[in-house]
Amino acid sequence: DTCPAGAISDLGDTVSIDPGICGGCGSCHAVCPTGSITYQYPVQSDLIANTQSLITRYRSAGGKNPVLLLHDHSFGADMIAAMARYGRGLPAHVIPQAVHAVSSIGHVEIAALIASGWEQVHLLANPQLQDELDGTRAEIELAGSILSGLGLAATPRCQLICEADPDTVENAIWSSPDQPLGIVDIFNPIGSKRDIARLAFVRLQEQSATKPDTIDLPAASPYGRVNIDQSSCTLCMACTSACPANAIVDTPGEPKLRFVENACVQCGLCVSTCPESALVLEPRLNFTSASMQPFTLYEEEPFNCIVCDTPFATKSTIERITTQLAGKHT
């Protein structure tokens with residue numbers, strides 16, 4: 001849905017990316033909740049590590065209130081040069097960093113950059129690509145929701161600047177207020193996209209004055225849990241076969257449904273698959289270690305065969321079938 005070139009097609013259990021159409025904007029990488037699609041120029045961990053090197057050098061030289069300006073190589077470089085020649089240029093505390101495409105920056109990168117000590121992140125985009133930045137805007141909004149939920153953003157810490165006038169860009173950067181942040185140490189951005197995200201989120205939570213265990217997120221966020229109506233669930237396990245992230249798992253030999261919150265991407269396949277409409281998504285971010293461990297959503301007493309005493313279904317299922325067939329079948 002995000003790809004501006006229409007280069008991604010659905011093949012059922014997988015997707016196809018046409019390299020002849022793909023423009024390398026990286027929007028798919030930014031919005032992919034699992035990291036199945038990754039950006040190779042640079043890879044996520046390298047981008048974060050490079051900006052960490054920048055802020056380390058800046059602080060060692062005595063710099064304060066570090067702000068990162070991410071821009072593409074051509075439009076952004078020309079814009080900064082025009083600002084420097086005809087205007088005030090960049091403030092001393094705003095450090096520019098060129099990337100191939102700012103649309104490849106998602107909420108994980110933004111959170112990791114803030115967690116590394118950058119007080120703000122500006123994304124400078126070419127206005128000719130205005131219609132291709134919907135995914136970027138959504139990612140900035142998600143990052144803002146997380147930071148606001150933690151009480152770390154009185155005003156937005158990330159803004160998208162998409163203007164052709166150097167004076168307008170300059171005013172947007174210069175008018176951005178300082179937002180001191182207590183983070184000064186660097187963390188190692190290793191692992192998958194979800195791993196890096198959790199490292200950044202936990203680090204940000206440690207800086208929160210309230211240190212909430214969970215925060216609510218807007219609909220369509222890629223983090224959250226699944227709530228179950230136990231009076232409707234029959235433990236048919238249809239949801240476990242539909243879940244692509246192994247967030248909902250069954251327990252072989254036991255009528256028990258288990259859930260790993262940290263793995264859930266809120267795709268909603270379990271909700272649409274459930275024949276009893278017993279599942280509801282709850283978008284939220286859980287910072288506790290419990291989100292990493294499976295916990296029981298629902299379990300029932302097994303029903304044993306009346307001949308061999310082997311458990312083969314749940315008691316409620318058999319009772320329901322018995323009720324439906326009462327007086328109708330031998």
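Residues take their numbers from the sequence shown, with the count starting at 1.
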Peer 1: Taking atom types as modelled, find out whether His29 and Glu109 have a side-chain donor-acceptor pair closer than 3.5 angstrom.
Peer 2: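 Checked: His29/Glu109 side chains pair up, N/O donor to acceptor below 3.5 Å.
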Peer 1: If we ignore hydrogens and angles and just use 3.5 Å, is the side chain of Gln293 paired with the main-chain N or O of Val260 as donor and acceptor?
Peer 2: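 No.
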Peer 1: Test side chain to side chain contact (heavy atoms under 4.5 Å, CB included) on Thr314 and Phe303 and set out the steps.
Peer 2: CA-CA 5 Å; Thr314 63; Phe303 182 89; over 6 Å; no
Peer 1: Out of the candidates Asn126, Thr168, Asn171, Leu124, only one should pair with Glu163 under the side-chain contact (heavy atoms from CB on, under 4.5 Å) rule; please name it.
Peer 2: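 Among the candidates, only Thr168 passes.
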Peer 1: So, the side chain of Ser104 versus the backbone of Gly26: is there a donor-acceptor pair under 3.5 Å, distance only?
Peer 2: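 Side chain of Ser104 to backbone of Gly26: no pair is present.
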Peer 1: If every non-hydrogen atom of Pro166 is compared with every non-hydrogen atom of Ala82, which pair is closest and at what distance?
Peer 2: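 It is CG-CB, 4.0 Å.
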Peer 1: According to a hydrophobic-cluster definition based on side-chain heavy atoms being under 4.5 Å apart (Ile, Leu, Val, Met, Phe, Trp, Tyr only), do Val226 and Tyr223 belong together?
Peer 2: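 No: no chain of side-chain contacts under 4.5 Å links Val226 to Tyr223.
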Peer 1: Only one of Val121, Leu68, Val99 forms a side-chain contact (heavy atoms from CB on, under 4.5 Å) with Thr51, so which one is it?
Peer 2: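 Single pass found, and it is Leu68.
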Peer 1: Is there a path from Leu297 to Val271 through hydrophobic residues (I, L, V, M, F, W, Y) whose side chains come within less than 4.5 Å of each other?
Peer 2: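 Yes, it is one cluster - the side chains of Leu297 and Val271 are joined through contacts under 4.5 Å.
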Peer 1: Do His122 and Leu70 come within less than 4.5 Å of each other through their side chains, counting heavy atoms only?
Peer 2: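 Of all side-chain heavy-atom pairs linking Leu70 with His122, none is under 4.5 Å.
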Peer 1: Begin from the C-alpha positions of Tyr58 and Ile95 and carry the test side chain to side chain contact (heavy atoms under 4.5 Å, CB included) through to its verdict.
Peer 2: CA-CA 9 Å; Tyr58 177 77; Ile95 313 299; 3.8 Å; yes
Peer 1: Looking only at atom types and distance, does a side-chain atom of Arg157 sit under 3.5 Å from a main-chain N or O of Gly144, one as donor and one as acceptor?
Peer 2: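 Here the side-chain-to-backbone pair does not exist.
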Peer 1: Search all heavy atoms of Thr273 against all heavy atoms of Ala242 and return the closest pair with its distance.
Peer 2: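 Taking Thr273 first and Ala242 second, the nearest heavy atoms are OG1-CB, 3.4 Å.
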Peer 1: Are the side chains of Pro91 and Ile173 in contact, using a 4.5 Å heavy-atom criterion?
Peer 2: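 Touching, per the 4.5 Å side-chain cut-off.
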Peer 1: Please check: side-chain N/O of Arg194 versus main-chain N/O of Asn262, any donor-acceptor pairing under 3.5 Å?
Peer 2: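 Pair found, side chain donor or acceptor close to backbone of Asn262.
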Peer 1: Without swapping roles, check the side chain of Gln44 against the backbone of Thr38 for a donor-acceptor pair under 3.5 Å.
Peer 2: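 Checked: no pair found.
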Peer 1: Verify the distance criterion only: is there a donor paired with an acceptor across the side chains of Ser176 and Gln120 at less than 3.5 Å?
Peer 2: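 The criterion, which ignores hydrogens and geometry beyond distance, is satisfied for Gln120 and Ser176.
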Peer 1: Find out if a path of hydrophobic residues (ILVMFWY) with successive side-chain heavy-atom gaps under 4.5 Å connects Leu181 to Phe201.
Peer 2: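 Yes, Leu181 and Phe201 fall within the same hydrophobic cluster.
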Peer 1: Of the non-hydrogen atoms in Asn286 and Arg284, which two are nearest, and what is the gap between them?
Peer 2: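 Shortest heavy-atom separation between Asn286 and Arg284 comes out as ND2-NH2, 3.6 Å.
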Peer 1: Are Asp213 and Phe287 packed together at the side-chain level, in the sense that at least one heavy-atom pair is separated by less than 4.5 angstrom?
Peer 2: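 No, every pair of side-chain atoms sits at 4.5 Å or beyond.
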Peer 1: How far does CZ of Phe259 sit from CG of Asn227, to the nearest 0.5 angstrom?
Peer 2: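 Going from CZ on Phe259 over to CG on Asn227, the span is 8.5 Å.
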Peer 1: Considering residues, nucleotides and ligands other than Arg59, do more than 12 of their heavy atoms fall under 6.0 Å from its CZ?
Peer 2: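 Yes.
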Peer 1: Heavy atoms, side chains only, cut-off 4.5 Å: are His100 and Asp72 in contact?
Peer 2: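 No; the side chains remain at least 4.5 Å from each other.
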Peer 1: What's the separation between atom CD in Gln230 and atom CG in Leu257, rounded to the nearest 0.5 Å?
Peer 2: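 Between Gln230 CD and Leu257 CG, I get 10.0 Å after rounding to 0.5 Å.
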Peer 1: Is the shortest distance from a Lys or Arg side-chain nitrogen in Arg88 or Glu170 to a carboxylate oxygen in the other one below 4.0 Å?
Peer 2: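 Salt bridge flag = yes for Glu170 with Arg88.
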Peer 1: Quick check against the 3.5 Å criterion: does Thr14 have a side-chain atom that pairs as donor or acceptor with the backbone of Leu11?
Peer 2: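 Between the backbone of Leu11 and the side chain of Thr14 there is no qualifying donor-acceptor contact (under 3.5 Å).
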Peer 1: Does the side chain of Leu204 come within less than 4.5 Å of Ile183's, by heavy atoms?
Peer 2: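 They are in side-chain contact.
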Peer 1: Is the backbone N or O of Gly24 less than 3.5 Å from a side-chain atom of Tyr39, with the two atoms forming a donor-acceptor pair by type?
Peer 2: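 Here the side-chain-to-backbone pair exists.
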Peer 1: Run the side chain to side chain contact (heavy atoms under 4.5 Å, CB included) test on Leu47 and Ile105 for me, step by step, so that the C-alpha distance in whole Å, both residues' side-chain angles and the decisive distance to 0.1 Å come before the verdict.
Peer 2: CA-CA 10 Å; Leu47 170 66; Ile105 305 300; 3.5 Å; yes
Peer 1: Specify the closest pair of heavy atoms between Cys158 and Ile140, including all atoms of both residues, with the distance to one decimal.
Peer 2: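 It is O-CG2, 3.7 Å.
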Peer 1: Examine distances only and state if a side-chain atom of Trp118 and a backbone atom of Leu69 form a donor-acceptor pair shorter than 3.5 Å.
Peer 2: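 Not a single qualifying donor-acceptor pair exists.
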Peer 1: Which value, rounded to the nearest 0.5 Å, describes the distance between Asn65 atom CG and Glu119 atom CD?
Peer 2: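 Nearest 0.5 Å value for the CG-CD distance: 4.5 Å.
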Peer 1: Kindly say whether Ala115 contributes a backbone atom to a donor-acceptor pair with the side chain of Arg203 at under 3.5 angstrom?
Peer 2: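 Answer holds: yes.
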Peer 1: Does any part of the side chain of Ile190, heavy atoms only, come nearer than 4.5 Å to the side chain of Ile196, both counted from C-beta?
Peer 2: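 No, side chains not in contact.
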Peer 1: I'd like to check Pro189 versus Leu199 (side-chain heavy atoms, cut-off strictly below 4.5 Å). Are they in contact?
Peer 2: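 No; the side chains remain at least 4.5 Å from each other.
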Peer 1: Spell out, as yes or no, whether a donor-acceptor pair under 3.5 Å connects the side chain of Asp46 to the backbone of Pro42.
Peer 2: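 No: the side chain of Asp46 does not pair with the backbone of Pro42.
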Peer 1: Within this structure, what is the CG-SG distance for the pair Leu281 and Cys270, rounded to the nearest 0.5 Å?
Peer 2: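 One finds 5.5 Å between CG of Leu281 and SG of Cys270.
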Peer 1: Please indicate whether Ile306 has more than 12 foreign heavy atoms, meaning atoms of other residues, nucleotides or ligands, lying under 6.0 Å from its CD1.
Peer 2: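 Not buried by this count: 12 neighbours or fewer within 6.0 Å.
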Peer 1: Can Glu300 and Lys256 be counted as an ion pair, charged N to O under 4.0 angstrom?
Peer 2: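 Salt bridge flag = no for Lys256 with Glu300.
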Peer 1: Near Lys211 NZ, under 6.0 Å, is it more than 12 heavy atoms from other residues, nucleotides or ligands?
Peer 2: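 Yes.
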Peer 1: Any idea which heavy atoms bring Ser272 and Leu269 closest together, and the distance?
Peer 2: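 Nearest pair, atom of Ser272 first, then Leu269: OG-O, 3.1 Å.
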Peer 1: Show the nearest heavy-atom pair for residues Ser232 and Ala278, with the distance to one decimal.
Peer 2: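 Residues Ser232 and Ala278, closest heavy atoms: CB-CB, 3.9 Å.
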Peer 1: With rounding to the nearest 0.5 Å, note down the distance linking CD1 in Ile146 to CG in Leu285.
Peer 2: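 It comes to 5.5 Å.
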Peer 1: Under 3.5 Å, is there a donor-acceptor pair linking the side chains of Thr56 and Ser53?
Peer 2: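 No, because no side-chain N or O of Thr56 sits under 3.5 Å from a partner of the opposite role on Ser53.
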Peer 1: Report, as yes or no, whether the 6.0 Å neighbourhood of atom OH on Tyr86 holds more than 12 heavy atoms from other residues, nucleotides or ligands.
Peer 2: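 No, because the 6.0 Å sphere around OH of Tyr86 holds 12 heavy atoms or fewer from other groups.
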Peer 1: What I'd like to find out is whether the side chain of Glu276 reaches to under 4.5 Å of the side chain of Thr234, using heavy atoms alone.
Peer 2: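 Of all side-chain heavy-atom pairs linking Thr234 with Glu276, at least one is under 4.5 Å.
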Peer 1: For a side chain to side chain contact (heavy atoms under 4.5 Å, CB included) check, start with the C-alpha distance between Thr322 and Glu319, then their side-chain angles and the critical distance, and finish with the verdict.
Peer 2: CA-CA 5 Å; Thr322 302; Glu319 289 176 348; 5.6 Å; no
Peer 1: Is it the case that over 12 heavy atoms from other parts of the model lie below 6.0 angstrom from the CD atom of Glu141?
Peer 2: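 It does not: Glu141 CD has 12 such atoms or fewer within range.
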Peer 1: In terms of hydrophobic clustering (I, L, V, M, F, W, Y; side-chain heavy atoms under 4.5 Å; direct or indirect links), are Val108 and Leu160 co-clustered?
Peer 2: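 Yes, same cluster.
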Peer 1: With hydrophobic residues grouped by side-chain heavy-atom distances under 4.5 Å, do Ile114 and Leu54 end up in a single group?
Peer 2: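 Yes; tracing contacts between hydrophobic side chains, which count when under 4.5 Å, links both residues.
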Peer 1: Do the side-chain N and O atoms of Glu132 and Ser103 include a donor-acceptor pair separated by under 3.5 angstrom?
Peer 2: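 Judged by distance alone, the side chains do not pair up.
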Peer 1: Roughly how far, to the nearest 0.5 Å, is the CD atom of Glu261 from the OG1 atom of Thr214?
Peer 2: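 Those atoms lie 8.0 Å apart.
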Peer 1: Would you check, one step at a time, whether the test side chain to side chain donor-acceptor pair (under 3.5 Å) holds for Ser145 with Ser148?
Peer 2: CA-CA 5 Å; Ser145 297; Ser148 296; over 6 Å; no
Peer 1: Using a strict cut-off of less than 4.0 Å between a Lys/Arg side-chain nitrogen and an Asp/Glu carboxylate oxygen, indicate whether Asp195 and Arg198 qualify as a salt bridge.
Peer 2: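 No salt bridge links Asp195 with Arg198.
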